[in-house]
2 protein chains.
Amino acid sequence: MAEPLDPDMFHPMCPSSALPFQIGDKWTGMIVLCLAGGPRRFTELRVPLRAITPKVLSQTLRTMCRDGLVTRTAYDENPPRVEYELTELGRSLLVLIDAVREWSDQYLPAILAARESHQV
Amino acid sequence: MAEPLDPDMFHPMCPSSALPFQIGDKWTGMIVLCLAGGPRRFTELRVPLRAITPKVLSQTLRTMCRDGLVTRTAYDENPPRVEYELTELGRSLLVLIDAVREWSDQYLPAILAARESHQV
DNA sequence: GATACTGGTTACCTCAACGATACCGGCCTA
DNA sequence: TAGGCCGGTATCGTTGAGGTAACCAGTATC
C-alpha cells in the first residue's frame with residue numbers, strides 16, 4: 001500500500017528545530033508526515049522517528065486518537081498488528097504543515113542569520 | 001499611531017489553547033499579534049497579556065530580538081521609553097497565524113467534539 | 001526450554017519553561 | 001523626602017513534557 005518510510009526523513013541536525021512553530025506536541029507533526037502516505041504500524045513509525053521511545057510514541061498516538069487526528073485499528077493476528085491512520089481531520093493538518101514549510105523555505109535562513117549576527 | 005490594545009484581546013478561557021499549534025514560545029504568537037498594529041511599549045504589551053510577568057515578557061522579547069522578529073528602540077527620555085516593533089521577518093509570521101486561524105475556524109470544533117466523545 | 005517479535009506498560013528521573021514575589025535605578029512631581 | 005512612573009532584574013519554586021530502563025503477555029519458532 002505505502003512505500004517504506006525513509007529512515008532518514010527526520011535528521012537530528014535539521015535546522016527546522018529553529019522554526020518558531022510547532023504542531024501539537026514535540027512529535028505530532030512528524031507523525032502526521034509519517035502517516036501522510038498511508039496507514040502505518042507502531043514499529044514502522046519508530047524507524048523514521050529514531051529518537052522516540054515507545055512510551056512517548058504510544059502517549060502521543062493516544063493523544064492524537066483522542067483529538068480525532070488518527071484512528072487506531074488492531075487486527076487479531078499473530079504477531080499482533082496495529083495500524084494508525086490519519087483521519088480527514090488529521091490530514092487537514094498537512095495543509096498547515098505545508099504552509100509552515102513554505103514559510104521556512106523563505107524565512108528560516110533569515111532567523112539563522114539573525115542569530116548568527118546577534119552577539120550577546 | 002496605533003489605537004490602544006484591547007485589554008480583553010486574549011481571553012484566558014479561549015479554546016484556542018486546544019489548537020495543535022504553537023508559534024514560538026508560549027507568548028510569542030500573542031506578542032506578534034499585539035505588535036501587528038504598530039510599535040508598542042513594554043508596559044503597553046502587559047495590558048492585553050495580563051497574565052504575563054515582566055520577567056517572562058522581557059525574556060520572550062529578548063529571544064524575539066535575537067531571532068530578528070522584533071526590534072527594540074530605547075528613547076532617551078524620562079520616564080524611559082522603549083518601543084518594540086515587528087520586523088519584516090516578524091510580520092511574515094502574520095501570514096502563518098492567519099492560516100492557523102482559518103484552519104481553526106474550520107476544524108477546531110471537530111477536535112473539541114472528538115475530545116468530548118472520547119470517553120476514557 | 002529459550003528466544004524472538006509485536007505493541008505496548010511501569011516506575012523513575014531530568015531539565016527547562018514558566019510563574020510568584022520582591023526589588024532596582026533614574027528621573028520627576030508633590 | 002516621599003512616592004510614582006518606566007523598564008526592567010534577581011531569586012526562588014513549581015510543573016509537566018519528555019527521556020531512560022526495565023518489563024510484560026501472547027504466540028511462534030528454534
Side-chain angles (χ1 to χ4, degrees), chain A residues 4-5 10 12 14 16-31 34-35 39-67 69-85 120, chain B residues 4-5 10 12 14 16-31 34-35 39-67 69-85 120:
Chain A
L5 293 170
F10 301 110
C14 177
S16 71
S17 57
L19 271 178
F21 226 66
Q22 210 187 318
I23 317 269
D25 288 331
K26 180 173 181 185
W27 300 93
T28 306
M30 294 184 246
I31 292 178
C34 285
L35 294 176
R40 299 287 178 185
R41 307 176 61 168
F42 190 86
T43 314
E44 274 182 298
L45 289 172
R46 295 192 62 186
V47 174
L49 308 171
R50 270 161 307 178
I52 203 172
T53 62
K55 183 200 119 183
V56 175
L57 178 55
S58 83
Q59 215 172 248
T60 308
L61 287 170
R62 242 181 290 129
T63 301
M64 294 174 74
C65 268
R66 183 204 58 186
D67 288 353
L69 302 179
V70 301
T71 56
R72 177 185 187 279
T73 312
Y75 297 90
D76 197 9
E77 302 175 358
N78 311 102
R81 186 162 62 100
V82 177
E83 284 195 340
Y84 293 92
E85 185 168 15
V120 186
Chain B
L5 293 171
F10 300 112
C14 177
S16 71
S17 57
L19 272 177
F21 258 108
Q22 209 185 322
I23 318 270
D25 289 331
K26 181 172 181 187
W27 299 94
T28 306
M30 293 184 245
I31 292 177
C34 285
L35 293 176
R40 300 287 178 184
R41 308 174 61 168
F42 190 86
T43 314
E44 275 182 297
L45 288 172
R46 298 191 60 187
V47 175
L49 308 169
R50 270 159 310 176
I52 203 173
T53 63
K55 184 197 119 185
V56 176
L57 179 56
S58 82
Q59 217 171 247
T60 308
L61 287 170
R62 242 182 289 129
T63 301
M64 295 173 74
C65 267
R66 183 204 59 186
D67 288 353
L69 302 178
V70 300
T71 56
R72 177 185 186 279
T73 313
Y75 298 91
D76 197 8
E77 303 175 359
N78 312 102
R81 185 160 62 99
V82 176
E83 283 195 341
Y84 293 92
E85 186 168 13
V120 186

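Throughout, protein chains are lettered first and strands after them, A, B, ... in sequence-line order, and every chain is numbered starting at 1.
Between the CG atom of A/L45 and the P atom of C/dG8 there is a distance of 10 Å, rounded to whole Å. Between the CG atom of A/L57 and the C1' atom of D/dA17 there is a distance of 15 Å, given to the nearest Å. Rounded to whole Å, atom C1' of C/dG25 lies 20 Å from atom CZ of B/R81. Counting to the nearest Å, the P atom of C/dC18 and the CE atom of B/M30 are 10 Å from each other. Rounded to an integer number of Å, the gap from CZ of A/R46 to C1' of C/dT6 is 11 Å. A/I52 places its CD1 atom 9 Å from the P atom of D/dG18, with the value rounded to the nearest Å. Atom CG of B/D76 is separated from atom C1' of D/dC6 by 13 Å (rounded to the nearest Å). Rounded to a whole Å, the CD atom of A/E44 is 9 Å from the P atom of C/dG7.
The two residues A/F42 and A/P54 come nearest to each other via the heavy atoms CZ-O, 3.7 Å. Residue A/I31 comes nearest to A/L57 through the heavy atom pair CD1-CD1, 3.7 Å, listed as atom of the first residue, atom of the second, then distance. Closest heavy-atom contact between B/V70 and B/L35: CG1-CD1, 3.7 Å. Taking both residues in full, the closest heavy atoms of B/C65 and B/T71 are given as SG-C, 4.4 Å, listed atom of the first, atom of the second, then distance. Of all heavy-atom pairs between A/E83 and A/P39, the closest is OE1-CB, 3.8 Å.
Of the inter-residue distances, the one linking A/R81 atom CZ with A/D76 atom CG reads 11.0 Å to the nearest 0.5 angstrom.
Within the 4.0 angstrom heavy-atom criterion, no nucleotide atom of any strand lies near B/Y75. Note on A/T53: a base of the nucleic acid sits closer than 4.0 angstrom, heavy atoms only.
Using a 4.5 Å cut-off on side-chain heavy atoms (C-beta onward), B/L45 and B/L61 make contact. At least one side-chain heavy atom of A/L49 sits less than 4.5 Å from a side-chain heavy atom of A/C34.
Taken over five-pair windows at either terminus, the axes of the helix from C/dG1-D/dC30 to C/dA30-D/dT1 are inclined to one another by 30° (rounded to 10 degrees).
Side-chain N or O atoms of B/E44 include one that pairs as donor or acceptor with a backbone N or O of B/R41 at under 3.5 Å. Formation of a donor-acceptor pair under 3.5 Å by the A/Q22 side chain with backbone atoms of A/G24 is found in this model.
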Next item on the list: Decide side-chain contact (heavy atoms from CB on, under 4.5 Å) for B/T63 and B/T60; before the verdict, give the C-alpha distance in whole Å, the side-chain angles of both, and the deciding distance to 0.1 Å.
Entry: CA-CA 5 Å; B/T63 301; B/T60 308; 5.6 Å; no
Item checked: Residues B/V82, B/R72; criterion side-chain contact (heavy atoms from CB on, under 4.5 Å); working and verdict -> CA-CA 7 Å; B/V82 176; B/R72 177 185 186 279; 3.8 Å; yes
For nucleotides 27-30 of chain C, tabulate all protein N/O to nucleotide N/O atom pairs closer than 3.5 Å, reporting atom names and distance.
| unit_1 | atom_1 | unit_2 | atom_2 | d |
| --- | --- | --- | --- | --- |
| C/dC27 | O3' | B/N78 | OD1 | 3.3 |

Identify each atom pair where a protein N or O and an N or O of nucleotides 1-3 of chain C are less than 3.5 Å apart, giving names and distance.
none

Any protein N or O atoms within reach of nucleotides 9-11 of chain D? Criterion: under 3.5 Å, listing atom names and distances.
| unit_1 | atom_1 | unit_2 | atom_2 | d |
| --- | --- | --- | --- | --- |
| D/dT9 | OP2 | B/S58 | OG | 3.3 |
| D/dT9 | OP2 | B/R62 | NH2 | 3.4 |

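With sequence neighbours excluded, no residue forms a ring-ring contact (aromatic ring centres under 6.0 Å, His included) with A/Y84. By the salt bridge (Lys or Arg N to Asp or Glu O under 4.0 Å) test, B/R46 pairs with no residue at all, sequence neighbours left out.
Heavy-atom distances to DNA chain D give each of A/V56 and A/P80 a nearest nucleotide, and the one nearer the 5′ end belongs to A/V56.
When the side-chain nitrogen and oxygen atoms of A/T43 are compared with OP1 and OP2 of C/dG7, one or more of them lie within a distance under 4.0 Å. Residue B/R72 places at least one side-chain N or O closer than 4.0 Å to OP1 or OP2 of D/dG8.
For B/R41, the listed nucleotide lying nearest its side chain is D/dC6; candidates were C/dC18, D/dG26, D/dC6.
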